[in-house]
Amino acid sequence: MIKIATYSETVMDHFMNPRNVGEIEDADGIGEVGNPVCGDMMTFYVKVDDEDRLNDVKFKTFGCGAAIAVSSMVSEMAKGKTLDEAMQIGRKDVADQLGGLPDNKMHCSNLGADALHKAIEDYRNKKKES
Amino acid sequence: MIKIATYSETVMDHFMNPRNVGEIEDADGIGEVGNPVCGDMMTFYVKVDDEDRLNDVKFKTFGCGAAIAVSSMVSEMAKGKTLDEAMQIGRKDVADQLGGLPDNKMHCSNLGADALHKAIEDYRNKKKES
Amino acid sequence: MPEVYLDHYAATQVLPEVVDAMQPLLRDGFGNPSSLHGWGDSAREALEAAREKVAALIGANPAEIIFTSCGTEANNTAVKGIAGAAKKKGNHLVISAIEHFSVMHSARTLEKSGFEVATVGVDEYGMVNPEEVRAAIRQDTVLVSIMTANGETGTVQPIEEIAEIAKAKGVPFHTDAVAAAGSIPLDVNDLGVDALSLASDLMYGPKGVGALWVRKGLRMMPLLDGGVQEGGRRGGTENVPGIVGMGTAAELAAEHMDERAAYLSSMRDALIEKLPAAIPHLNLTGHPARRLPWNASFVVEFIEGEGMLLFLNMQGIAVSSGSACTSRALKGSHVLSACGIPAEVARGSLLFSFGLDNKPEDVDYVLEVLPPIVQRLREMSPLYDKFLKSGGDQNSDVQ
Amino acid sequence: MPEVYLDHYAATQVLPEVVDAMQPLLRDGFGNPSSLHGWGDSAREALEAAREKVAALIGANPAEIIFTSCGTEANNTAVKGIAGAAKKKGNHLVISAIEHFSVMHSARTLEKSGFEVATVGVDEYGMVNPEEVRAAIRQDTVLVSIMTANGETGTVQPIEEIAEIAKAKGVPFHTDAVAAAGSIPLDVNDLGVDALSLASDLMYGPKGVGALWVRKGLRMMPLLDGGVQEGGRRGGTENVPGIVGMGTAAELAAEHMDERAAYLSSMRDALIEKLPAAIPHLNLTGHPARRLPWNASFVVEFIEGEGMLLFLNMQGIAVSSGSACTSRALKGSHVLSACGIPAEVARGSLLFSFGLDNKPEDVDYVLEVLPPIVQRLREMSPLYDKFLKSGGDQNSDVQ
Ligand SMILES: Cc1ncc(COP(=O)(O)O)c(C=O)c1O
Ligand SMILES: Cc1ncc(COP(=O)(O)O)c(C=O)c1O
C-alpha cells in the first residue's frame with residue numbers, strides 16, 4: 001500500500017533523500033522565492049569558485065513533495081556548472097530530469113530554477129558592488 | 001419469483017379466479033362505467049327476482065388486475081342482496097373486503113360499485129318506463 | 001415451472017465476471033481515489049482503468065468521460081449543464097417526443113427558467129426524421145438532444161444524419177445512448193455527436209453507475225456541485241466498485257458485441273415472427289428492421305398490459321408493459337402515443353427484452369403460455385365483446 | 001511494516017456484514033424495483049427494508065427518506081431543491097463558512113440565478129454561533145443550511161439551538177450530517193431540523209449511496225428529473241445493492257453507536273493528549289470537547305502537509321491533510337481558514353480519522369514515526385530556519 005502514482009520514482013527518490021539540503025553559512029549568493037499562488041518557499045545558497053563555477057549549492061524548501069524534489073534536483077544539476085551554464089537551467093529541464101511532474105504541480109512547485117538564478121544574480125550583484 | 005407484493009392475496013385470488021365473469025343475455029339492468037383518467041371500463045349485468053333481490057350479477061372489465069378483482073368482489077358482494085342493500089355497497093367497502101388496494105389504484109380501478117349501481121338504476125328506470 | 005426473465009430493459013443480470021471484478025474494491029480496495037496514500041492510489045488506478053474501458057466502448061478519449069450514478073443523472077447533467085452553460089448564446093432546445101423522461105423532464109425544468117423547447121415527432125415506427133430536426137433548429141438553439149435508440153420500441157435513430165445537421169448549424173448534439181450502449185456499435189466520432197449518455201445496468205453491469213461523455217471544449221455546468229472529482233464536472237466521492245463493475249461490463253460488451261447481437265436477435269426474430277401468428281390482433285411496435293437486437297415489443301388489442309404481466313408472472317415469465325396501469329404514475333407510454341398508437345391500444349403493450357441468459361426455448365414457452373392468457377383476458381373484456389358484436393375480425397386494425 | 005489506516009474520513013472500510021448483505025442483490029436479486037413481477041418485487045422489498053433501517057438511524061419516517069448517490073447529491077438536492085421550490089417566497093439563504101463544498105458551491109450556483117447567500121462565520125474552535133444565524137435570517141430567507149459536524153475539525157455544531165431559531169422564524173433548516181451520521185446519535189425530531197443529508201461511505205457502507213431526509217410537507221424540486229422513483233423526488237434506477245449495503249451499515253451503526261464511540265474516542269484522546277507533547281509547535285484544531293469521536297486534527301507549524309503524508313505513507317500510515325498541496329484544486333482548507341488559522345500554519349494540517357479497524361497500538365506507532373518526520377521536514381524548511389533565528393521557541397503561537 002505504499003506506492004504513490006502521483007509522483008515519478010525519481011521525484012520520490014529526491015523527495016525522500018534530498019541532495020544538498022541545508023544552508024551555506026558563508027554563501028556567496030542567496031536566492032529566495034515565494035509562490036504567491038500556493039505559498040511554496042525556497043531559499044538557495046551558492047558558493048562560487050575562482051573559475052565562476054558553482055562548487056557548492058544548498059537549499060531549504062517549504063512546500064509539497066514536488067517542491068522539495070525540484071529543489072534537490074536543481075541543486076544537483078547546478079553543482080559544478082559555470083554560472084552561465086547554471087543560468088540556462090530552465091523549469092522544463094528540471095521537470096524532465098525528474099521524469100515529469102503532475103500537471104497541477106508544474107506551476108507551484110517548480111520554482112527551483114528561479115531560486116537558483118536569484119542566488120546567482122545575488123552573487124553577481126554583490127560582486128559588482130564590491 | 002412469483003410473489004407480487006403490490007396486491008393483497010385476496011386481490012390476486014379474485015384477479016386469477018374472477019367470480020361471475022360474463023354477460024347476462026336477458027339482463028334486467030346493464031351498467032357501464034368508463035374512467036376518463038386511466039381508461040378502465042366495466043360493464044355490469046344484473047338479474048332481479050320478484051323480491052327485488054339480485055339473483056344474478058355478471059361483469060366484463062377492461063383494466064388492470066385491481067379493476068378485475070374489484071369487479072369480481074363487487075359481483076360477489078351484490079349477489080343475493082336486495083337492490084337497496086346493493087346500493088349501499090361503497091368503494092371503500094369493496095377495497096376493505098379485498099384486503100386493501102394500492103394507493104395509486106384506489107381511484108382508477110375501484111369503479112365496480114359505481115357500475116353495479118348504474119346497472120340497478122338502469123333496471124329501475126326500465127321498470128318505471130314499463 | 002420454468003423461470004424466464006424477459007425484462008432485460010428494466011434490469012440486466014450482473015455478469016459473474018463483473019461481480020468478481022467489483023469484489024476487491026468492496027473489500028480491501030476501499031480507499032478514496034482522492035487520497036494521497038497507497039489506499040487512495042489503488043482506488044484511483046482502478047477508477048482510471050475503468051474509465052479507459054468505458055471510453056473504449058464508444059471510441060472516446062478517457063479524459064472526456066464523467067462517471068455518474070445512473071443514466072438519468074448523465075442525461076440531466078448533459079441537458080441542464082450544456083444548456084445552462086450556453087444561456088447567454090440562446091435559450092432554445094430541440095428534443096424528440098420519444099425521449100426518456102430524464103431528458104424530457106430536464107427540458108421541462110429548463111422551460112421554467114426561460115428556455116423554449118421544440119419537440120420533434122416520430123413516424124409510426126418511432127423514427128425521428130432528420131429533416132424535422134433541421135427545421136426545428138433556430139438561430140438561438142443551444143442544444144439538440146435525440147436518443148440513440150428507444151428501449152420501448154427498439155427503434156434505432158438516424159443519429160449520424162442528425163449529427164451532421166446539428167454540426168452544420170453549429171449546435172451541440174447530445175444523444176441518450178442508455179438503451180443502445182453495449183448493444184450496438186457506437187463510436188462518438190463516427191456518429192459525430194458532442195455528448196453521449198450511457199448506463200451500466202442495461203449492459204450487465206451493476207446499478208448505480210452511468211457515464212456521460214462530453215467532447216473536449218464543449219462547456220457544461222456541473223449538476224452536482226462539490227469537490228473537484230471528475231475534473232470538477234461532477235462532485236461526490238466516486239462509486240469505485242460500481243465504476244469498476246461498469247468498466248468490466250463495457251469491456252465485455254465491446255468484446256462480445258457481435259456474437260451477443262446475433263444470439264439475441266435470433267430469439268427476438270423468432271418471437272416477432274411467431275407471436276402475431278399465435279395471437280390475432282397483436283402487432284409489432286417500433287421499426288421492423290432498425291431495432292435493438294434484444295427488443296421485441298407489441299401491442300395486444302382489447303386488453304390491458306397489467307393483467308398479462310400478472311398472469312405471465314404466475315407462469316414464471318417476467319416482461320414489462322408501457323400500459324398506464326403498470327406505470328407507477330398511471331400514465332400510458334408517451335413513446336407509443338408519439339408513434340400514433342391509440343391510447344386504448346397502447347394499453348395492451350407488451351415488451352419482451354431478451355438477455356444473455358435466455359434460451360431459444362424461452363420463445364417457445366412464451367408462445368405456449370401467452371395465447372391462453374390473452375384469450376382469458378379478452379373474454380373478460382367489454383372492448384373485445386363490442387369488437388366481436390360489431391362485426392368481429394373483418395375490420396380490425398391497429399396501424 | 002505495520003499498515004495503519006487513519007483516513008476514515010476519506011473512506012471507511014465496508015464491513016464484511018455489509019458486503020455480505022449486498023451480494024444477493026448483485027447476483028440473483030438484480031431486478032428493477034419498479035418492475036411488476038417477482039424479480040422486481042424482491043428488489044423493491046430489499047429497497048424498502050433498507051429505507052427503514054436508514055430512517056431508524058435518524059429517527060425518521062421511512063417514507064421521507066430519498067436515496068441518492070452520495071452525500072454531495074443529497075446536499076445539492078436539498079439546497080437547490082428547497083430553495084428552488086421557494087423562489088416565489090424569497091431568494092435568501094443562510095449557510096456557514098465551514099460547509100462542505102457540496103453545500104457551499106450549490107449556494108454559489110443559486111447566486112447565479114438571483115439568490116443572495118449570507119455566510120455566518122465560526123469561532124476559533126470551528127463553532128457556529130446560533131445568534132449569528134438568527135441575525136442573518138431575513139424576511140425573505142427560504143433556507144438555512146448548517147452542517148451537523150465538520151469532518152475536518154471534528155467540531156459538532158449546536159444544531160438544536162439553530163433549529164429552534166429557524167423554526168421560530170419559520171425558515172426551513174437543512175443540516176448536512178454526512179460527517180456525523182452513524183458516529184453520533186441523531187434524531188431528526190429531537191434536533192428539530194427539516195432536512196438532513198447523510199452518506200453511506202463514512203459509516204462503513206459502500207460508496208455510491210447517500211440519503212436525504214426531508215420532512216413531509218416541505219416542498220422540494222428534484223435535482224434528477226426523470227421517472228417516478230423515490231416518490232418522484234429522484235429519478236433514476238435505484239442502486240439497490242448499494243442501498244441495501246447502506247441499510248445494513250446504518251443498522252450496525254445504530255446498534256453499536258455507543259461502544260464504537262467509546263472505542264474510537266479513547267484512541268482519539270490518546271493521540272490528542274500525546275502528540276502535542278511529542279512534537280513542539282503542533283496544535284489541535286477544532287473544539288476540544290464537542291468533537292466527533294474519530295477526529296484528531298492538528299496543525300504542525302513550519303512545514304507543509306503533503307511531505308508529512310508522503311513520509312507517513314512510506315511507513316504504512318494513511319492520513320489526510322487540509323493543506324493546499326494535498327488538495328487537487330491546490331487550495332488550502334476553507335474550514336481552517338474560517339477558524340482563523342493563518343494560511344501558512346494551515347498548510348501543516350494533519351487529520352487523523354480513526355476507524356473500527358484501528359488498535360490502541362496505532363497511536364503508539366504514530367507517536368514513534370511522526371516526530372522524526374516532522375523534524376526532518378523542519379530541517380529543510382526556510383520558515384523554521386527563520387523562526388529559530390528570530391528567537392526560537394520564546395514567541396511561538398498558533399492560536
Ligand atoms: C460534511 C460533508 N458533507 C458532504 C460530503 C460529501 O460526501 P460525498 O463525497 O459522499 O458526496 C462530505 C464528504 O466527506 C462531508 O464531509
Ligand atoms: C433511453 C433511456 N435513457 C435513460 C434511462 C434512465 O436510466 P437510469 O434508470 O439508469 O437512470 C433509461 C432507462 O431505462 C433509458 O432507457
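Convention: sequence-line order gives letters A, B, ...; per-chain numbering from 1. Basis for what follows: all heavy atoms, side chains included, without hydrogens, waters or symmetry-related copies. Computed from a predicted model, the values in this text were never measured in an experiment.
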Toward chain D, the part of [X] with a non-hydrogen atom under 4.5 Å:
X: V19(C); result: side chain
X: N76(C); result: side chain
X: V319(C); result: backbone

May I ask you to name which of [options] has the most heavy-atom pairs under 4.5 Å with chain C?
options: V103(D), V240(D), L223(D); answer: L223(D)
options: L224(D), T12(D), V14(D), T68(D); answer: L224(D)
options: N239(D), D7(D), D201(D), V209(D); answer: N239(D)
options: I317(D), T237(D), V79(D), L26(D); answer: L26(D)

Contact class of [X] relative to chain C, heavy atoms under 4.5 angstrom:
X: T77(D); answer: neither
X: S106(D); answer: both
X: V18(D); answer: neither
X: M22(D); answer: side chain
X: K87(D); answer: neither
X: R108(D); answer: neither

Please report the interatomic distance [atom1]([X]) to [atom2]([Y]), rounded to the nearest 0.5 Å.
X: N32(C); Y: Y9(D); atom1: CG; atom2: OH; result: 10.5 Å
X: R234(D); Y: T72(C); atom1: CZ; atom2: OG1; result: 7.5 Å
X: N313(C); Y: D41(D); atom1: CG; atom2: CG; result: 8.0 Å
X: I243(C); Y: K207(D); atom1: CD1; atom2: NZ; result: 10.5 Å

So which residue, G210(C), G236(C), G235(C), A318(C), ends up with the most heavy-atom pairs under 4.5 Å with chain D? A318(C)
Looking at C70(C), P241(C), G208(C), P222(C), which one has more heavy-atom pairs under 4.5 Å with chain D than the rest? G208(C)
Between Y5(D) and F30(C), is a ring-ring contact (aromatic ring centres under 6.0 Å, His included) present by the stated rule, with each step listed? CA-CA 11 Å; Y5(D) 184 79; F30(C) 67 90; 4.8 Å; yes
Output, in order, the C-alpha distance, side-chain angles, deciding distance and verdict of side-chain contact (heavy atoms from CB on, under 4.5 Å) for L309(D) and H37(C). CA-CA 7 Å; L309(D) 260 54; H37(C) 46 61; 5.9 Å; no
If we only count heavy atoms from C-beta on, is the Q13(D) to W39(C) side-chain gap below 4.5 Å? no
Is the number of heavy atoms from other residues, nucleotides or ligands within 6.0 Å of CZ (R27(D)) greater than 12?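 Yes, CZ of R27(D) has more than 12 neighbouring heavy atoms, counting only those of other groups under 6.0 Å.
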Between A11(C) and G31(D), what is the shortest heavy-atom contact and its length? CB-C, 4.0 Å
Between H105(D) and G226(C) (side chain of the first, backbone of the second, donor and acceptor by atom type, cut-off under 3.5 Å), is there such a pair?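 Here the side-chain-to-backbone pair exists.
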